[in-house]
Amino acid sequence: METNYYELDVLNEEHQNFRNELATINKDGTRKWVYAQESSGRFTRARSIVAYTLLAFLVITPFIRLHGNPLMLLNVIERKFIILGVVFWPQDFYLVVLILLTFILSIGVFTSILGRIWCGWACPQTIFLEFVFRKVEFLIEGNARQQIALDKAPMSATKFARKALKHSIFLVLAWMICNLFLSYIIGTDELFAIITSPPSQHISGLTAMVVFSGLFYGVFARFREQACVVACPYGRFMSALVDPDTIAVTYDFKRGEPRHKPTKADKTGTNTEPRGDCIDCGQCVVVCPTAIDIRNGIQLECVNCTACIDACDTVMTKIKKPTGLIRYASANAIKHDYAANGAPKLFNTRVQGYIGVLLVLLTVVTVLFLRRPEVEAIVMRQPGTLFQKVGEDKIANFYTLQFINKTFTPKTAEIRILEPEGATLTPLGEYGNVPQQNVQHGRFLVTIPKAALHGAYNTVRFGVFVDGKLIKENQTTFLAPEH
Ligand code: SF4
Ligand code: SF4
């Protein structure tokens with residue numbers, strides 16, 4: 001039978017166990033703590049650059065202002081969203097949902113083509129854990145071996161001091177992350193107002209912050225890789241999105257197997273057994289933050305962090321073999337040896353389908369966004385009112401009006417009646433000059449001659465004019481007595 005990537009018959013029974021148990025759970029169900037060794041190499045360097053750039057972007061963004069507004073604001077409480085400086089009002093909620101859908105689908109497309117590249121390179125969970133919290137841990141408790149020794153050692157003043165220092169810094173970091181995310185929800189101005197005013201004025205806000213800081217601390221200090229392995233829904237979706245053409249961190253089993261630990265016979269050159277390039281040193285496993293063995297093939301737990309690529313490349317360099325025994329490649333690329341035989345078309349039919357849907361969604365979002373009116377007008381018959389008789393031959397209805405100026409300049413807005421003929425509109429109070437990024441409320445009266453009415457329910461058609469230009473037409477009901 002041909003060696004199959006998904007049914008690695010090169011693996012013995014012991015290795016096949018990975019299908020039945022989680023690498024981070026002991027047989028008795030208790031947690032197996034992962035002491036991941038610090039990785040180094042070209043991928044770790046590249047990921048560090050990406051991670052710290054994204055971190056800087058995440059921290060700076062709430063402070064960047066465009067026309068006096070933050071660059072990003074995701075105020076779910078007041079349903080006010082600002083994405084890249086563009087303000088989305090509650091009336092634009094459908095657009096926000098469509099943008100989020102497009103974003104999720106684009107991650108799906110990326111996953112189909114490049115596996116969990118999001119997890120390894122851009123996910124905040126990975127970035128905070130690997131490039132902030134674990135760095136602090138390495139600094140205070142030393143490398144993986146030293147951490148194991150420290151945890152096994154009985155409590156002493158040094159151990160207590162190290163643990164206390166680490167967890168104090170973790171708590172501060174968790175508090176900062178909580179504040180950072182909050183600044184995306186309520187904005188920096190409101191956040192600073194809360195920070196600088198007495199806590200008694202913000203008891204509920206403070207309670208929420210303590211709870212969420214505790215949650216972040218729990219995730220990064222204790223829960224860690226379990227978030228990716230058991231909690232993250234995206235990790236579960238991945239199995240439905242990837243296929244043998246997906247490019248992911250992959251072990252070249254054709255080149256690596258049969259794996260072997262170097263023997264005397266190897267050193268003396270008298271070995272006659274078949275040998276793969278894998279020397280079974282386990283370095284790819286000890287650096288893995290989810291404690292899996294990539295040699296078992298693509299697994300849900302793999303967050304594509306590339307640490308095993310760097311670890312194996314270092315080993316291959318030391319034993320003078322070509323690097324890339326573990327590399328970014330698809331299962332088919334290894335199985336059919338694309339490097340030697342040439343790869344088939346870049347995207348398979350499924351991925352082409354995903355890209356097609358993504359393009360349609362992007363087009364819809366773009367068209368809807370461009371057609372979004374600069375000034376929204378909501379006209380409603382005043383609740384609780386029926387109709388008024390005006391003299392012997394006219395009927396009047398009251399209406400409420402809401403102008404929403406979504407632009408960054410003041411606008412002059414006006415409602416004019418387009419139908420029925422003979423109807424007149426009388427503004428009740430001052431309205432029409434709408435400041436930028438503002439909502440203005442107003443009331444008006446519509447009077448229609450009885451001759452133009454047809455029973456109890458009639459229709460009035462309005463035109464919304466902004467700076468003298470008709471931008472939208474609306475219609476609403478006009479009540480009148482039965483004839
Ligand atoms: S690091 Fe490379 S050589 Fe060592 S066990 Fe992993 S795959 Fe084999
Ligand atoms: S198998 Fe490799 S790429 Fe996957 S999580 Fe472990 S170290 Fe990272």
Side-chain angles (χ1 to χ4, degrees), residues 18 22-24 34-58 103-104 106-135 137-138 144 219-220 223-252 283-314 323-331 333-334 351:
F18 79 94
L22 273 178
T24 51
V34 179
Y35 295 94
Q37 218 165 72
E38 198 168 12
S39 64
S40 61
R42 63 194 170 118
F43 279 101
T44 307
R45 279 194 298 280
R47 278 179 70 228
S48 303
I49 294 169
V50 173
Y52 291 120
T53 308
L54 288 175
L55 262 180
F57 182 73
L58 196 70
F103 178 66
I104 292 168
S106 66
I107 291 183
V109 173
F110 270 103
T111 309
S112 308
I113 303 167
L114 292 167
R116 282 175 87 166
I117 194 158
W118 161 265
C119 304
W121 292 77
C123 173
Q125 162 75 15
T126 308
I127 290 179
F128 281 121
L129 178 59
E130 300 302 328
F131 296 94
V132 181
F133 285 83
R134 229 193 273 276
K135 293 282 176 209
E137 197 164 65
F138 283 133
V219 166
F220 294 116
F223 200 52
R224 295 199 163 183
E225 77 289 339
Q226 297 300 310
C228 315
V229 173
V230 297
C232 177
Y234 171 59
R236 313 274 78 73
F237 278 133
M238 189 199 78
S239 56
L241 294 170
V242 299
D243 65 14
D245 285 318
T246 301
I247 296 166
V249 175
T250 306
Y251 167 67
D252 186 343
Q283 285 306 301
C284 50
V285 181
V286 292
V287 292
C288 179
T290 58
I292 59 167
D293 187 341
I294 191 65
R295 294 174 298 170
N296 293 335
I298 289 184
Q299 294 148 77
L300 275 179
E301 296 92 328
C302 176
V303 291
N304 272 235
C305 73
T306 69
C308 54
I309 300 185
D310 279 340
C312 191
D313 280 355
T314 309
T323 56
L325 179 57
I326 301 174
R327 62 180 183 272
Y328 270 115
S330 71
I334 286 175
V351 174

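Residues satisfying the side chain to side chain donor-acceptor pair (under 3.5 Å) test with Gln37, not counting sequence neighbours, are none. Listed by chain and residue number, Tyr234 satisfy the side chain to side chain donor-acceptor pair (under 3.5 Å) test with Thr111 (two or more places apart in sequence, or in another chain). Residues that satisfy the side chain to side chain contact (heavy atoms under 4.5 Å, CB included) test with Val351, not counting sequence neighbours, are Ser112, Ile113, Phe347, Asn348, Ile355.
Arg327 CZ to Asp313 CG: the interatomic distance, rounded to the nearest 0.5 Å, is 10.5 Å. Summarising the geometry, atom CH2 belonging to Trp118 is positioned 12.0 Å from atom CD belonging to Gln125; distances are rounded to the nearest 0.5 Å. For the atom pair CZ (Phe128) and CG (Leu58), the distance works out to 5.0 Å, reported to the nearest 0.5 Å. Considering SG of Cys123 and CD of Glu130, their distance stands at 11.0 Å, rounded to 0.5 Å. In this structure, CD1 on Ile127 lies 4.5 Å from CG on Leu54, to the nearest 0.5 angstrom.
Shown here for Ala23 and Ile292, the closest heavy-atom pair between the two residues is CB-CG2, 4.2 Å. Shortest non-hydrogen contact noted between Thr250 and Ala329 is OG1-O, 2.8 Å. Residues Phe138 and Ala144 approach most closely at CE2-N, 4.3 Å, considering heavy atoms. Across Cys228 and Val303, no two heavy atoms sit closer than the pair CB-CG1, 3.7 Å.
A donor-acceptor pair is defined here as one N or O able to donate and one able to accept, closer than 3.5 Å; no such pair exists between the side chain of Arg224 and the backbone of Leu129. Counting only distance, with no hydrogens or angles, the side chain of Thr126 and the backbone of Cys119 share a donor-acceptor pair below 3.5 Å.
Taking the side chain as every heavy atom from C-beta outward, Leu241 and Phe110 never approach each other to under 4.5 Å.
Residue pairs meeting the salt bridge (charged side-chain N to carboxylate O under 4.0 Å, His left out) criterion with at least one member in residues 112-125, sequence neighbours excluded, do not occur.
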What pairs of donor and acceptor atoms, side-chain ones from residues 304-312 against any protein atom, are under 3.5 angstrom apart with sequence neighbours left out?
unit_1	atom_1	unit_2	atom_2	d
Asn304	OD1	Val249	N	3.2
Asp310	OD1	Arg42	N	3.4
Asp310	OD1	Phe43	N	3.2
Asp310	OD2	Phe43	N	3.3
Asp310	OD2	Thr44	N	2.7
Asp310	OD2	Thr44	OG1	2.5

For a quick test of your reading: what N or O donor-acceptor pairs under 3.5 Å do the side chains of residues 284-291 make, sequence neighbours left out?
unit_1	atom_1	unit_2	atom_2	d
Thr290	OG1	Glu301	O	3.2

List the steps, then state whether side chain to side chain contact (heavy atoms under 4.5 Å, CB included) holds for Arg134 with Phe220.
CA-CA 9 Å; Arg134 229 193 273 276; Phe220 294 116; over 6 Å; no

Checking Glu225 against Thr24 for the side chain to side chain contact (heavy atoms under 4.5 Å, CB included) test, could you report, in this order, the C-alpha distance in whole Å, the side-chain angles of both residues, the deciding distance, and whether it holds?
CA-CA 9 Å; Glu225 77 289 339; Thr24 51; 3.6 Å; yes

Leu325 vs Tyr251, test: side chain to side chain contact (heavy atoms under 4.5 Å, CB included). Steps then yes/no.
CA-CA 6 Å; Leu325 179 57; Tyr251 167 67; 4.0 Å; yes

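By the neighbour-count criterion of 12 heavy atoms within 6.0 Å, atom CZ of Phe57 is sparsely surrounded, having that number or fewer from other residues, nucleotides or ligands.
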